[in-house]
Every structure is written in C-alpha cells, then in structure tokens.
Amino acid sequence: MPELSKAYNPQEFEQEIYRRWEASGLFSPDKLPLARHRKPFTISMPPPNITGELHMGHAFQLTLEDVLARYHRMRGDAVLWLPGTDHAAIATQVVVERELRKEGVDRHALGREKFLEHVWKWKEKYGQQIVEQTKRMGASADWSRERFTMDEGLTLAVNTAFKRLYDDGLIYRGERITNWCTACQTTISDLEVDHEETPGKLWYIKYPLTDGSGHITVATTRPETMLGDTAVAVHPNDARFAGFTGKTVRLPIVDRDIPIITDARIDREFGTGAVKVTPAHDALDYDLGQTHHLPIIRVIDLDGKILPEAGVEFYGLPVLEARQRVLDKLRELGVIEKEEDYIHAVALCSRSKTVIEPLLSKQWFLKVKPLAAKAIRAVRSGKIHLVPDQFEKIYFQWMENIHDWNISRQIWWGHRLPVWYRTRNGKEEVKISATSPGSSWTQDHDTLDTWFSSGLWTFSTLGWPRRTSDLKRFHPTTVLFTAKDILFFWVARMIMFSMYFLDEVPFKTVYLHGLVLDEHGKKMSKSKGTGVDPLLMSDQYGTDALRMSLIIGNAPGQDFRLYEKKIEGYRNFANKLWNVARFILAHERPTKKMAPVTLADKWILSRLETVTAMATKYIEAFDFSGAGQALYDFVWHDFADWYLEASKIHPNAGVLYTTLDAVVRLLHPFMPFVTEAIWSSVRPNDMLMGSAWPKTISAWKKYTAEVKQFDGLRDTVGAMRNFRAHSGLPASAPCHYIPTVPYDDDALLRSLSGASVQPVSRLTVDSRYENILLGHVHFQVERVYLERYEAWRQKERAGLQQYIAGIKDKLANDRFVVHAPANLVDEERKKLAGAERRLLEL
RNA sequence: GGGCAAUUAGCUCAGUUGGUUAGAGCGUCUCGUUUACACCGAGAAGGUCGUAGGUCCGAAUCCUACAUUGCCCACCA
C-alpha cells in the first residue's frame, strides 16, 4: 500500500495519475466494462481556437464538463466526451500574419499556398499545446476521437452541408452591402460587428434645388459619403417637403443633379427629416436605391480610401481625412447650416477594432429564416432546454429577427468554398464540388465563415455525412457547456444545422456559463496582465484546488470573480481531505465490516446519507456549486471537525472507512486527482474513476431521529449564543445550560461542547431564574430577560392565529372550495398546515 | 432605442416554494502549539439585505417605480 506522504503535495501525483487514467482506457466509452449495455451520455467539447493558449475561461468550462462526465461515468453511463480544436479562421490568420510580419514576411509576398503551410505549422504547435493543457486540468475526454475542424472528415461534412444548402436554394450569391473590415480585408457577419457609442458630430448640409428655388437640408454623420449621393429622400407624408417631390437638387462639390424621392422608411423625427442617399455605402440607402432604381456610385475602396470617381482632389485619402477635406470645402461653399454634437454607435470589427466600412460586394449568403423556424420550435417544444432558462427568451427574440448570414470571407485560412466557375459562350457557369470538376474550372477564392463548420460540430465529429455507429449512438448529444456570449454565434447555428441536416436536436440541454472575471470584476486580459493563469495556479495549488474554486460560488449564466485567495482556500480543503485520509489510514486497518455503535457513528452515517442525496440532486439539477459546497461543508465541518474528534474516543474503523470511501467517491468528479491518490493508497489495483457513485442507504435514514441529539449537542454552544441574542440577554447575563443528551462520555461531551460554556449539574432553585427547554437543551436564565422573549412569542402567535383563521374562513366558504381551481385549494390547505405546525413549535 | 442580469458583513458570495434570531469563506481581533492537518483548532466583532412605496399576520424573498453597475441585441442616416 503506497503511503500518503506527510504533506499534501499535488505536484507529486497529478501527472502520474492522469497517465494511469489514460492507460486504463476509461476515457473511451468503448472500453468501459459492459460498454454495450450502458446508456450513452455525450458531451461535445467546444473546440478551443488554436490561436494560443488555454485561459481561465477554458479551465472553467473544462471543469464543469469534467464534473458531469465523471459523475455520469460513475453512474454507469457510456460517457463520450469528445474533444477537439477549431481552426478559427480570421482569428488564426491574423495571429500568424502578425507573427510572420515580425520576421519581415508579408502574406501576399508569400502567396496563398506557402502562407497556409505556415498556418498548418502553427496549428500543429498550438493544437498540441492546447491538448496538453486540457489534460492538465484533469479532463476525462476521449482523445482517441479528437477532432479538428479542418480534418478531412469535417471538411467533407462542410462541403456536403454547403452543397445540400445550395441545392435546396438556401445558399445564394449576391451583391449586397456587407460589413467590410479594411484591416482584415474581408467581409464579416453582422454578429462580428461591435457597436460602440462614440461622441461625434451631426452635420446639417444645404443641398440647393437645381431650379434655384431654395434648398433642402440633410443631416449626416458621414459627410464624405456625399460624394456618392444619388438622391435625397423624405417621408411621403412629411408636409414640410410637400412642394419638393419630383424636383432635383444640385449636389455641392460634385455638382451632380440628384432627385428628391419619397419613401416611408425615412424617419421624420431624425435631423431635418430629409436624408442623403448613398446606395454604395449604406445598407438602408442601398435598399432605397434598389426600390427607386438609383444609380450606385462607389467612392470608397477596399482600403477605406477615396476612389478617383469621387473627384481628383480627394482621391486616395483615407476616410477620416476625406471627411475633413469635404467639410472644409462645404464650409467654403457656405452650405453647412450647423453642426451638432451627436453620440452615435460606430460599427467596429470585433477582431481588429477598426471602423467597419459598409461596402457593396458580391458575397455568399445563407437564407436562415427557414432554418430558424425549426430551431425555434426545437426550443419552444422543450426538446432543447437552456440553463438558465431566461436565455430562451433572448434566443427566441434573436431567432425571430434573424437576417441572412454572410458566409464568405476573403481570407485564406479556412474551408475554401466548394464552388467552381467557368465561362462558356460569355456566360458564367457555377458548379458545387469538393474537388475540381475539370481544368477549365477555377475555384472560388473565398473561404467560409468559421462558424459554418462549428455549426456542424456535434455531428460532423461523429462521422456525418456517413451514417456511422458513433453518430447513431451518441447523437443527439446530451449536454453542451458553453459561454453565454456565443449563444448566437454558435449554439443557435448548431441547432439550425442539426435540425436541418439530421432533423434532430444537437443536444438536449445547453448549460450557459458566464465569464471568469478578476478580483475587481474586470474581464481577464492577458495583454493587461489582469489574468490569472490556470496552469500557474495548478502548479502552485494543485488542479483540484483550482477546479473547486471554479465550481463553488458560481451560478449558471452569471459572471463570477476568481482570485488567488479563493484557490488557496480550496488548496487548504484538499489538504484537509488528505489529512483526514492519512489519519484514518494511520490508525485503523481498512475493513468492510460496518456497524454503528455510538450516537456519533449513527450521526455521521445519517449525515452522509443526506449529503449523498443532496450532491446527487444538485448535480442532476446542474447546480455544481451547491453540490460542491455541500460536500465541502460535510467533509470539513461534520466529518473532520466532529466525527474524527469523536472517533478518537470511540473509534469505529468500519464507519470511518465507509465514510471515507463515500467521501472520496462523492468528491471525485470535483477533485479527481487527490481523491484518486487517496483511493490508490488503499486499493492500488483499482481506479476510483471507474468506481460507482455512492448510493443513498435508506437504512441510515432511520437514524435521523436519534441523531438529532448529537446535532443538538453540536449546536449547544451556538444555541446558547443565539438564545442570548434573541432574548436580549447581554453577554454578562448569567445563563447556563443543562444538556439532556444521554451521552455516555462526559469527556467527549465537554471537549465537543467547547470550553466557554459549562454544563451545570442541577437545576438551580432560585426565584430570579427560569428554567426553559429549548430543543433538547435546558437553559437556565434570569427572569428579566425572558420577558422580551415572551413578548416576541406572543406577537408571533397572535399573527399566526389570525392567519390560520383567515385560511379556515376561506376553506369554509363553499364558493371558494367548489369554484376555485383544485391546485389553489390545495395550496391553501398546505399553507394552513404549515402555519399550524409553526404555531405548535412556538 | 429595445432587452437581460446584478445590488446581502471590509472583500468574494450563499440564502430553495415569503416563516422563529439573514449564513459561509477570506480579512480583522482574542485565545490555544491536545502527534491527522498552523494549508490547524476554539471564539469574538462586523449587516436598517441599493432607495422609495405597496401586498401580507409576517418580506432579503412577491409587486411597482427609481438609482447604480455590467452584459446582450439594434441598417435613425
């Protein structure tokens, strides 16, 4: 039997234990004993981006997943926790590009093929690193099924999905205004755009009527786009502009005559009620242009600079400079009526933080409305359950207002569109194919939005489009753990795709967790140095301590703060557990024979029964914090502080081992390393990981009544203090207690009840004192102080009596009993019973 | 502009369907080195539960406003 070393030292055994787990094959559902008879339980690991290292958010998510995976494995399920990594298209390309630039290498000089070689090298390096780090967290994932979003199989899935959507008429190519990031040199989807409130100006510009009969004033935040104006629009019912319709204005600077059009989409409240229309550089303006057949004049290029069409004097200027120049020119012309301060939501690229240019370009789009309809039903019908459920509302709201999804990107790293073109007789032909359909065809240069492949993740990783046994067995997956901020990016798309391609949900439950924040509630950031490195913490305090600190004190959907002190606290707990085990192993020989003798024996078994039931219930309800907290309290404050002390006087090896065995099993999903280490010192040929979750032993429940006395004993000191406070007794008031507990060991009683309060041997007979019984303990207190206690009690009783009378009245009323819904009547009855019970207690 | 969440001790958070005296950990203070553990033990101090109303015999909990903070969504140029 390997001895437990004197101090808890996690570095000594964590890595070794993980190797043993891996070697045991228990991570794979195929290798579990009786694998075929087990119920499948699947978690798809959200694939981390290969952009870099694991951060605390990953550690957090992995811990939650691992708790549930280990718990279900112990419950006898065929657990598949499928890990992988994500190619993270733009994110990775940007990082690798930056890396190359440091070496003086430019992506374009390198060329597509060579550049992609570099990215693959990066992927090998960081992908491997992420796997190693994931293992350090104790993740019990099935590495034999590890996937990468650009694996051959997953690429096949992507191409198949694309083709089916195209054939079904849901993917189309079209020229539209999209969000163009001038830094990333690609379009991005609406979701990748952040809106930031920025103080700016609203300029009012006078556009003179061509016929010289006056002018119309438009308001704009982007005066430089006026160079591409092709109309001015007003609301059709706007009386202010009744005489203007049909006329034209002469655009200042460019001296182009443009029409005044009317359209109901114009907001009469904004600015002057008249708006300049630039179809090439604004989404609404583009729509207006389509409706009213306006010409489209591009004035800004892909680099965010002014095109020659806008006039030689502005050619080549970046947008902001052009804005100043245009304003100067307008001022010269005296057509600026006024300018106002204006706070306005500027659209930024979420990756590069550069201002988005809405530009017209030819892109690929996915019609999502039909997909969304099914996805909405999946949640509404309860086939998918979101935890916490308030997210369902947000989900519906978003899904119901969903717009077409721009899926093409002008970057190199990613799944290249399986689209081929050739020109025949001056006509362009399009073919969807994973491989080249012939030498006359050329492939589209664009790649897919990274979330397109992620959307297929739950089933592409299981072999789809082939109908593999894994797909049949493990899909739909059971639970998805993910950050609440990617509900739309990822979760919604997975639901849409799974419903569309498989006609089944991708998962039954989605657990949405919050962000891990630092001590001050700020987002952890590596660049600002405010982050806490999970691996560093794991080195210093042990992975188990880190895991506990991530589990406890945190509710689903809620951000939470992590700080080193907290982790240290759970290191202390691991140490406590370690020493509990060491103490028991040092003093008693392991035994399976178990018979409770003393009150303390029965008490700890009864508590164990309760805490087992609680932990089970909490985990099933996804309240991992509640489960962890309950176990923590039990181990430290019941088992260690009380039972171990008591057992020094009346040792009972059977009960000690039974309890230790259960504790180690119960804590294993939370603290897998330390529990496995303790276990292996007793049963070296066995694995705790593969053992069974403790059952609740109903036989122990019957002790509950008996052990109340022990509970009472334990609470005596506290009860005393509370009684003082409640009755208004000052600390100096004489107050003694006479325990009525029939406990045979006076020494134990004294040692457990604390030194500050002494039991008195007899009830004192003195007119100043009153003897009262509170629970199982006699209190002897001065009369004066009791009056306040009595007064409070009277008030409570009176209130309750009045309440009870009220309910009785109601229940006596035939109209209520006959006509009210049954559950309402039941509720009243329940209230009545509760109130009556409380009255008796008083 | 719309929506969601949070507000409880100095700090980080629990507080189950309203129910006796609002809890824990950390920190602070006092005492204690009894061989499982000083990564320990026994105690103490510390809260008008964001504000103002309301419902109720009874509110941290339910309702209404407001305030503060954070997050998400959004083609008012």
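Below, chains carry the letters A, B, ... as their sequence lines are ordered, and counting in each starts from 1. Below, each value reflects all heavy atoms present in this structure, side chains not excepted, and no hydrogens, waters or symmetry copies. Small disclaimer: the values here were computed from a predicted structure and weren't measured.
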Query raised in the report: In whole Å, what separates the C1' atom of U61(B) from that of U17(B)?
Result: 10 Å
Query raised in the report: Across all strands shown, which nucleotide pairs with U33(B) by Watson-Crick or G-U wobble geometry, both distances under 3.5 Å?
Result: none
Report task. Name the pairing partner of U69(B), where a pair is Watson-Crick or G-U wobble with both distances under 3.5 Å, or state none. Result -> A5(B)
Requested in this report: Check whether any side-chain N or O of Lys648(A) sits under 4.0 Å from OP1 or OP2 of A36(B), and answer yes or no.
Outcome: yes
Report task. Give one of base, sugar-phosphate or nothing for Ala640(A), where a contact means two heavy atoms less than 4.0 Å apart. Result -> base
Query - Rounded P spacing from U20(B) to A5(B) in Å - result: 27 Å
Report task. Tell me, please, whether Tyr511(A) has Lys484(A) positioned over its six-membered ring: NZ or CZ under 6.0 Å from the ring centre and within 45 degrees of its axis? Result -> no
Query raised in the report: Whole-Å distance between U12(B) C1' and Leu550(A) CG?
Result: 14 Å
Query raised in the report: Considering every strand shown, what is the Watson-Crick or G-U wobble mate of C76(B) when both distances are under 3.5 Å?
Result: none
Query raised in the report: Between His292(A) and Asp263(A), does any side-chain donor sit less than 3.5 Å from a side-chain acceptor?
Result: yes
Report task. Determine the interatomic distance between C1' on A45(B) and the same-named atom on A65(B); round to the nearest Å. Result -> 38 Å
Query raised in the report: Can the ring centroids of Phe488(A) and Trp405(A) be said to lie less than 6.0 angstrom from one another?
Result: no
Query raised in the report: Base, sugar-phosphate, or nothing for Leu644(A), non-hydrogen atoms under 4.0 angstrom?
Result: base
Query raised in the report: So what does Gln801(A) touch, heavy atoms closer than 4.0 Å: a base, only the sugar-phosphate, or nothing?
Result: nothing
Query - Spacing of the C1' atoms in G15(B) and G47(B) (rounded, Å) - result: 14 Å
**Report entry** Between A36(B) (P) and Trp578(A) (CH2): distance, integer Å
**Finding:** 17 Å
Query raised in the report: For atom C1', what is the distance between A42(B) and U51(B), given to the nearest Å?
Result: 41 Å
Query raised in the report: When the distance from CZ of Phe573(A) to C1' of C39(B) is rounded to whole Å, what number comes out?
Result: 13 Å
Query - Side-chain H-bond candidate by donor/acceptor type, Glu337(A) with Thr217(A), under 3.5 Å - result: yes
**Report entry** OP1 or OP2 of U12(B) under 4.0 Å from side-chain N/O of Arg561(A)
**Finding:** yes
Query raised in the report: Heavy atoms under 4.0 Å, any strand shown: does Lys565(A) hit a base, just sugar-phosphate, or nothing?
Result: sugar-phosphate
Query raised in the report: Watson-Crick or G-U wobble partner for A14(B), using a 3.5 Å limit on both distances?
Result: none
Requested in this report: Taking atom P in both A24(B) and G46(B), compute the distance separating them and give it to the nearest angstrom.
Outcome: 14 Å
Query raised in the report: Any ion pair linking Glu645(A) and Lys648(A) (charged N to carboxylate O, less than 4.0 Å)?
Result: yes
Requested in this report: Classify the nucleic acid contact of Gly569(A) as base, sugar-phosphate or nothing, counting any heavy atom under 4.0 Å across all strands shown.
Outcome: nothing
Query raised in the report: Should Trp636(A) be listed as having a side-chain N or O under 4.0 Å from OP1 or OP2 of G41(B)?
Result: yes
Query raised in the report: Quick check, are the ring centers of Phe670(A) and Tyr632(A) under 6.0 angstrom apart?
Result: no
Report task. May I ask you to say whether Arg222(A) pairs ionically with Glu224(A), meaning some side-chain N is under 4.0 Å from a carboxylate O? Result -> yes
Query raised in the report: Heavy-atom count around Glu196(A) CD within 6.0 Å, excluding the residue itself: above 12?
Result: no
Requested in this report: Answer yes or no on whether Lys201(A) is positioned over the face of Tyr342(A), meaning its NZ or CZ is under 6.0 Å from the six-membered ring centre and within 45° of the axis.
Outcome: no
Query raised in the report: Distance check: side-chain N/O of Lys393(A) vs OP1/OP2 of C4(B), anything under 4.0 Å?
Result: yes
Query raised in the report: Whole-Å distance between C4(B) P and Asp389(A) CG?
Result: 13 Å
Query - P gap between C37(B) and C29(B), integer Å - result: 26 Å
Query raised in the report: In Watson-Crick or G-U wobble terms, both distances under 3.5 Å, what is the partner of A44(B)?
Result: U28(B)
Query raised in the report: Taking atom C1' of A5(B) as reference, at what distance in whole Å does atom CG of Leu515(A) sit?
Result: 13 Å
**Report entry** Counter-base of U21(B), judged by Watson-Crick or G-U geometry with both distances under 3.5 Å
**Finding:** none
Query raised in the report: Counting only side-chain N and O atoms of Asn579(A), is one of them less than 4.0 Å from OP1 or OP2 of C39(B)?
Result: no
Report summary line: When both distances are under 3.5 Å in a Watson-Crick or G-U wobble arrangement, the nucleotide paired with U61(B) is none
Query - Atom C1', compared across U33(B) and C39(B): separation rounded to whole Å - result: 16 Å
**Report entry** Where protein sits on nucleotides 72-77 of chain B, one letter per nucleotide: B base, S sugar-phosphate only, - none, heavy atoms under 4.0 Å
**Finding:** SSBBBB
